[in-house]
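Some notes on the structure that comes next.
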Amino acid sequence: MAAADAKYPPIKWAQRKDSLWVTFDIQDSEDVEINLAESTLKFKCKTSDETFDVTMDLWGEVDPEDEESKYDVTPREIVFHIMKKDKEADHWPYLLKDKSISKAHCAADWDRYMDQDDEEEAGAGGAGFDMSQFGGGGMNFGGMGGAGGMPGGMGGMPGMGGGAGGMGGMDIQQLMAQMGQGGAGGMPGGMPGMGGMPGMGGDGGGMPDLSSLGLGDDGDSDDAGDGLDDLDDDEDDGVSPDASKAAPDASGGDDIDEPE
């Protein structure tokens, strides 16, 4: 796309004798492609309602291979720190070679601005840009040929099957054989078998002896049967189930006198 017809993002910039700080004010950028050469910066991205695709001819030459030349894409903006090729030359008068485009689209970054005289007075120790924006990281331009993809691919998660050994190399047949031993014993070395609940039948020993509770021969003879006929008898006598639950008196089971 011709430089004059391209849609430029809002740009602000500042410089030092050895470097440039360039910010593209683009929020929520997607599909970002960046390629920095010695004299051009190619940039392409899209947002929810705009697409940017420009080739910017820079005023002078830069060094994309320098490890301090880097960029960072954030939800609010895209930031570049670019090292100049000639680190002792005077400040550039414009960011772009085309003055009219530079004046129309590139504004001064007053938060980082420092003129050449102030920079020389501050000296090398106090004139550099604050690189905390990159948090010790950022993407380098050297040899990238654009933003590219993640290097080396994702590989494979260890122990997730396939040729990586799967399940940590566990022998499934051996596991199933061990699980089949001992019935309800379950996993080897795991929870012990359930055995039998006391008084729940089987070899565990049946129901407990109720004679010690005074409920043996003195109780209803129907208890020796299925234990459910008592409810039918109560209903036949016109006694509600609630009344049949009344506790016997201290004499040992005499009938409760009904009120006259």
Measuring only between side-chain heavy atoms, which start at C-beta, is [X] closer than 4.5 Å to [Y]?
X	Y	result
Asp25	Pro9	no
Lys44	Val32	no
Trp13	Leu20	yes
Phe43	Thr55	no
Trp59	Pro93	yes
Asp31	Cys45	no
Glu120	Lys17	yes
Ile78	Phe80	yes

Inset, instruction - Say whether Val22 and Met83 are linked into one hydrophobic cluster, either directly or through other cluster members, by side-chain heavy-atom distances under 4.5 angstrom. - result: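 Different clusters.
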Legend entry - ILVMFWY cluster, Trp21 and Tyr113 together (side-chain gap under 4.5 Å):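 No, Trp21 does not connect to Tyr113 through the hydrophobic network.
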List the atom of [X], the atom of [Y], and the distance in Å for their closest heavy-atom pair.
X	Y	value
Leu36	Pro64	O-CB, 3.5 Å
Val73	Ser29	CG1-OG, 3.6 Å
His91	Met114	CE1-O, 3.4 Å
Glu68	Asp66	N-OD1, 2.8 Å

Inset, instruction - List the steps and the verdict of side chain to side chain donor-acceptor pair (under 3.5 Å) for Gln116 and Asp90. - result: CA-CA 8 Å; Gln116 187 167 331; Asp90 291 338; 3.1 Å; yes
Legend entry - side-chain contact (heavy atoms from CB on, under 4.5 Å) between Ser39 and Leu58, worked out: CA-CA 5 Å; Ser39 59; Leu58 302 173; 5.6 Å; no
Legend entry - Heavy-atom donor-acceptor pair, Asn140 side chain to Ser69 backbone, under 3.5 Å: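 Indeed, once roles are kept as given, a pair shorter than 3.5 Å links the two residues.
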Legend entry - Backbone N/O of Trp92 and side chain of Gln15: donor-acceptor pair under 3.5 Å: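 Here the side-chain-to-backbone pair exists.
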Legend entry - ring-ring contact (aromatic ring centres under 6.0 Å, His included) evaluation trace for Phe24 with Tyr8: CA-CA 9 Å; Phe24 291 174; Tyr8 285 81; 8.9 Å; no
Inset, instruction - Could you tell me whether Arg16 sits above the aromatic face of Phe129, with NZ or CZ closer than 6.0 angstrom to the six-membered ring centre and within 45 degrees of the axis? - result: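 Checked: cation-pi criterion met.
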Inset, instruction - Inspect the surroundings of NZ in Lys97 and state if more than 12 heavy atoms from other residues, nucleotides or ligands are less than 6.0 Å away. - result: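 No.
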Legend entry - Lys87, NZ atom: more than 12 neighbouring heavy atoms under 6.0 Å: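 Check passes, neighbour count above 12.
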Inset, instruction - For the pair Glu50 and Lys7, find out whether any cationic side-chain nitrogen is under 4.0 Å from an anionic carboxylate oxygen. - result: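 Salt bridge: yes.
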Legend entry - Lys/Arg-Asp/Glu bridge criterion (N-O < 4.0 Å) met for Lys85, Asp63: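 No, no charged N to carboxylate O under 4.0 Å.
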Legend entry - Pair Val79-Thr74, side-chain contact (heavy atoms from CB on, under 4.5 Å): steps then yes or no: CA-CA 8 Å; Val79 181; Thr74 75; 5.6 Å; no
